[in-house]
Amino acid sequence: MLSAMAANDVLSLTPAGLYCRAGDFHIDPLRAVERALITHGHFDHARAGHGAVLATAQTLGIMALRYGENFAGASQAIAYGERLTLGEVVVSLHPAGHVLGSAQILIESQGYRVVVSGDYKRAPDPTCAPFEPIRCDAFITEATFGLPVFRHPEARLEVEKLIASCRLFPDRAHLVGAYSLGKAQRVMALLRAAGWDRPLWIHGAMEKITGFYEENGVPLGQMRKVAAADRAKLAGEIVICPPSATQDIWARKFPDPVVAFASGWMRIRARARQGGVQLPLVISDHADWDELRATVEETGCSELWVTHGAEDALVHWAAQRGLQARPLNLIGYGDDDESVAEAQP
Amino acid sequence: MNRFAELLDRLAYEPSRNNKLRLLVDYFRSQADPDRGYALAAMTGALTFAHAKPALIRTLISDRTDPVLFAMSYDYVGDLSETVALLWPAPQAPERPAGSNQPLAPTLSVIVEQLHETSKSALPLQLALWLDALDETGRWALLKLITGGLRIGVSARLAKTAVAAMGGLDPNDVEEVWHGLKPPYVDLFAWVEGREPRPVTDDPAPFRTPMLAHALDEADFATLDPAEFSAEWKWDGIRVQAVTGFDAAGASVQRLYSRTGEDMSHSFPDLLEALGAAGLGDVAIDGELLVVREGLVQSFGVLQQRLNRKSVTAKLINEYPLHIRAYDLLTENGEDLRPLPFMERRARLEALLARCDTARLDLSPLVPFDTWETLAQARRDPSSAGAGADAEAIEGVMLKRRQSIYVPGRPKGSWWTWKRDPFNVDAVLMYAPRGHGQRSSFYSDFTFGVWREGANGDELAPVGKAYFGFTDEELGQLDKWVRNNTVNRFGPVREVSHGLVLEIAFDGLNRSTRHKSGVAMRFPRISRIRWDKPAKDADRLETLERLLRE
């Protein structure tokens, strides 16, 4: 280590979330602030109403799509790897592999390096740039799936289950609940890679964001928005919709629907059953237990903060490895897009 | 094993019977012998190895994981087998031979066959090797299988129905050969796939598919001639088939089957013994299982206390003396009586019972009538029509065409049930969970209650749950009402304001210690939605309690 600094000297915890005094900015603040660095476009991390926002061009594009062009007083795009001086620190963004445009934030302060991971995953995803491990002194990680029971299977195998079910039940519609930003497009890309070449039917709430992916160079094949009159005719087809829509009045009229849900939570049977899911697909955009541990080790950090998720297990593991680890218990980050009601078509 | 595990996994989430059936048929068609046969055995409860104790599984996992992480995980997941399945660490790299990445997953057959041979002391190591080789779902299924906890919502009957469907057969065709067959059922699959003839079984006491009745619509009377029918009481017990015979060594064998062919003998050792001692010979008797105390037939509620018990104690046997009320004779000493008309079979039954010890076995009496009016009168008031004090255990009358032969299944025009009118109660809707499958976007299960006096004035006591009896259109209206009148949400369940009265029809009432209200309804259904009736005018618990006393 180059200095006697600690993560505390660079970042502090305020009611609005993580704050860097030396650079005078918040990261993914939970309420409106003067200056914000945003890791990615999910509602719980990217909120509207900040004075100034710095993020990747894609994240800014997603925020504009969701909140309108005036989502912040001012915005500035920064490319992956580009270094920018803010006050006394230098910041740069690096791919996090979570969704399109998602980034980790590296803060350098007098040679001391802190990385805020945002949400991330290590599994391959054709819809976004892959995670880049960065060496650092302090690593601020998420731990959504920070329990050793969470080990995600290969997403390819889960999509094969979905296709096999469509073959076995050609008279039933397959409704796949997936978060509108990221998960939905990843499932689409996985289906295409698995050879599903029929048009994919989508809920109106994910139309714009899917178009945005395509404009950003992620080909997803033919899409059709589900109109009310189509529903009864979609036997044997795959319909992708926000998870809440599978339980909604919207889901009626599909022929004997098979309700699927693409989420890391589907690993736990009770979660799937409570959600009325018949075909759980364990596909996650978050690091699983093995990925979390491998990532912490790759960063070479000596200090670990855990922002949200199952903090205690990861902190316990890190402490046993001689790291200085603490849980932040940040309230407000969670189920990606679930907490926010999605616009009806 | 992984394919079987996938099937179990999918079945566990699929609520629809038909869709479960399709999953099962697809599995049986795509899998080879003997794996599919062992799968069938696992689902029909025909596998008999000593189950592993949860303590063994705990020991295995605690040798391999950090206790703190295990505790956090178990706390989160809530199910031991599932936690261990997910938590099980991948085998360490050095244990694998160079060049291979995963030990070969064991087949279901290998697992079942080796479980029979593995000694108790060798089991932990064997189990660990299997767990190393399986994926998460495979480990979950294996742990459920060996701890005896395969709760996947598939009955033995459904699994057999799937096998029958492979060959376009009726499930009863499979039931009739079932008790002579053994896992892995290679001969059964060969038969349903049309490769070999029907398996010949030398079962000395086989099951025969029972004949079932249709429910009588009162409009039917116009077309029916009373002179062509015989009537009996419809007893409120359990339809059973008592079969006695002799095995190859000449030893007498007795069995008691449910109407779906499930062998229930193990639950009724006292009755089996009595049947063996009655001197019946080689016969198959169709009848009703009842509890009879001091000559009095007890209600279904009493019989239920004797059913589905894990251990049959002497106390249970004494307090719930079992009895068979016989109403038909299907075979006698090698002769198949089923092609004979009902009245001839009845005469043979009467003759048989007259020469045997009938302490635990007697004849279902005929109800004399000459017009439908007299029968209607008997149905309304069984006690003055010959049933006396047994009237309480009667739920209507059975009509049998005198000339009808015994046809397995539910033939038209031969047998009818004419049930007593249901009871009705006006109850108030309290909670509504979301339904499943096609009803997953509807609030389609309805918990209702009736008024009783509480500490702070009148309160509702939940007395039952109904999920049918309404039309699709009414379901839409109920769903809308629930959504608009929700006062609280508990996961998928909504609590509603006390404003909607449902007229509930039910067939009977039992005392219950499980329900807070102290009563449990039999077969409750929604007969009408009383949009017009104010909730405060719904019935009170006292009304039900009175019914219970009567």
Side-chain angles (χ1 to χ4, degrees), chain A residues 145-154 157 160-161 164-165 167-173 175 244-261 266-280 282 288-290 310-317 319-320, chain B residues 6 9-16 18-20 22-23 25-27 30 61 64-79 81-90 135-137 140 433-443 472 475-476 479-480 483 490-493:
Chain A
F145 293 111
L147 274 175
V149 289
F150 291 110
R151 279 179 301 183
H152 309 323
E154 263 189 83
L157 301 176
E160 280 173 13
K161 271 202 247 171
S165 180
R167 299 223 167 94
L168 180 61
F169 293 112
D171 52 337
R172 305 175 72 186
L175 302 191
S244 55
T246 61
Q247 312 293 355
D248 198 67
I249 294 169
W250 179 82
R252 289 180 195 168
K253 307 242 165 69
F254 289 101
D256 193 7
V258 177
V259 175
F261 184 11
M266 292 299 102
R267 205 24 132 183
I268 308 298
R269 283 159 205 283
R271 290 287 289 247
R273 270 196 301 272
Q274 278 158 11
V277 174
Q278 288 140 38
L279 187 61
V282 188
D288 68 8
W289 175 251
D290 292 345
E311 298 96 337
D312 295 343
L314 195 63
V315 166
H316 170 82
W317 168 82
Q320 284 190 324
Chain B
E6 272 172 39
D9 192 39
R10 189 79 202 264
L11 286 170
Y13 291 113
E14 177 57 67
S16 142
N18 271 342
N19 291 328
K20 280 181 181 167
R22 288 166 69 178
L23 290 165
V25 171
D26 176 62
Y27 173 82
S30 66
I61 195 69
R64 285 165 176 78
T65 49
D66 175 310
V68 175
L69 292 177
F70 171 75
M72 287 177 176
S73 298
Y74 187 25
D75 185 52
Y76 184 84
V77 176
D79 176 281
S81 295
E82 186 178 347
T83 309
V84 173
L86 295 175
L87 206 53
W88 192 263
D135 66 11
E136 274 88 351
T137 310
W140 166 76
R434 259 199 321 262
H436 293 282
Q438 275 185 301
R439 284 177 165 190
S440 61
S441 67
F442 287 93
Y443 289 89
D472 284 354
L475 174 59
D479 173 78
K480 193 169 166 215
R483 287 174 192 272
F490 313 93
V493 180

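In the text below, chain A, chain B and the rest are named by the order of the sequence lines, each starting its count at 1. Keep in mind it's a predicted model, so treat the numbers as computed, not measured.
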Is chain B contacted by the side chain of A/Val277, its backbone, both, or neither, given a heavy-atom distance below 4.5 Å? backbone

Measure A/Asp290 against the heavy atoms of chain B and call it side chain, backbone, both or neither at under 4.5 Å. neither

Test item: side-chain donor near acceptor, B/Asn18 and A/Asp256, under 3.5 Å: no

Would you check if there is a donor-acceptor pair between the side chains of A/Gln320 and B/Asp66 at a distance under 3.5 Å? yes

Considering residues, nucleotides and ligands other than A/Lys253, do more than 12 of their heavy atoms fall under 6.0 Å from its NZ? no

Under 6.0 Å from the CG atom of B/Asp472, do we count more than 12 heavy atoms belonging to anything else shown? no

For the residue pair B/Tyr76 and A/Ile268, what are the closest heavy atoms and their distance?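 The pair with the smallest heavy-atom distance is CE2-CG1, 3.9 Å.
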
Shortest non-hydrogen separation from A/Gln247 to B/Arg483 and the atoms involved: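 Smallest heavy-atom distance, with atoms named: O-NH2, 4.2 Å.
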
Would you call B/Glu14-A/Arg172 a salt bridge at under 4.0 Å N-O? yes

If you measure from the Lys or Arg side-chain nitrogens to the Asp or Glu carboxylate oxygens, is any gap between B/Glu6 and A/Lys161 under 4.0 Å? no

Relative to chain A, which of B/Leu23, B/Val84, B/Asn19 shows the most heavy atom pairs under 4.5 Å? B/Asn19

When B/Asp479, B/Leu69, B/Thr137 are compared by non-hydrogen pairs under 4.5 Å with chain A, the top option: B/Leu69

If you count heavy-atom pairs within less than 4.5 Å of chain B, which of A/Ala251, A/Ser165, A/Gly275, A/Pro153 leads? A/Ser165

Has A/Arg151 got its NZ or CZ under 6.0 Å from the middle of the six-membered ring of B/Trp88, at an angle within 45 degrees of the ring axis?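 Relative to the ring axis of B/Trp88, which defines the angle, A/Arg151 lies outside at least one limit.
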
Give a yes/no verdict on a cation-pi contact between A/Arg252 and B/Phe442, requiring under 6.0 Å between NZ or CZ and the six-membered ring centre and an angle within 45° of the axis. yes

Just wondering, do B/Glu82 and A/Val149 contact through their side chains at under 4.5 Å, heavy atoms? no

With distance as the sole test, does A/Gln274 use its side chain to make a donor-acceptor pair with the main-chain N or O of B/Pro492 at under 3.5 Å?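 No, the answer is negative, given that no donor and acceptor are paired below the 3.5 Å cut-off.
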
Hey, what do you get for [atom1] ([X]) to [atom2] ([Y]), rounding to the nearest 0.5 Å?
X        : Y        : atom1 : atom2 : answer
A/Leu168 : B/Arg22  : CG    : CZ    : 6.0 Å
B/Ser16  : A/Phe169 : OG    : CZ    : 7.5 Å
B/Leu86  : A/Arg269 : CG    : CZ    : 7.5 Å

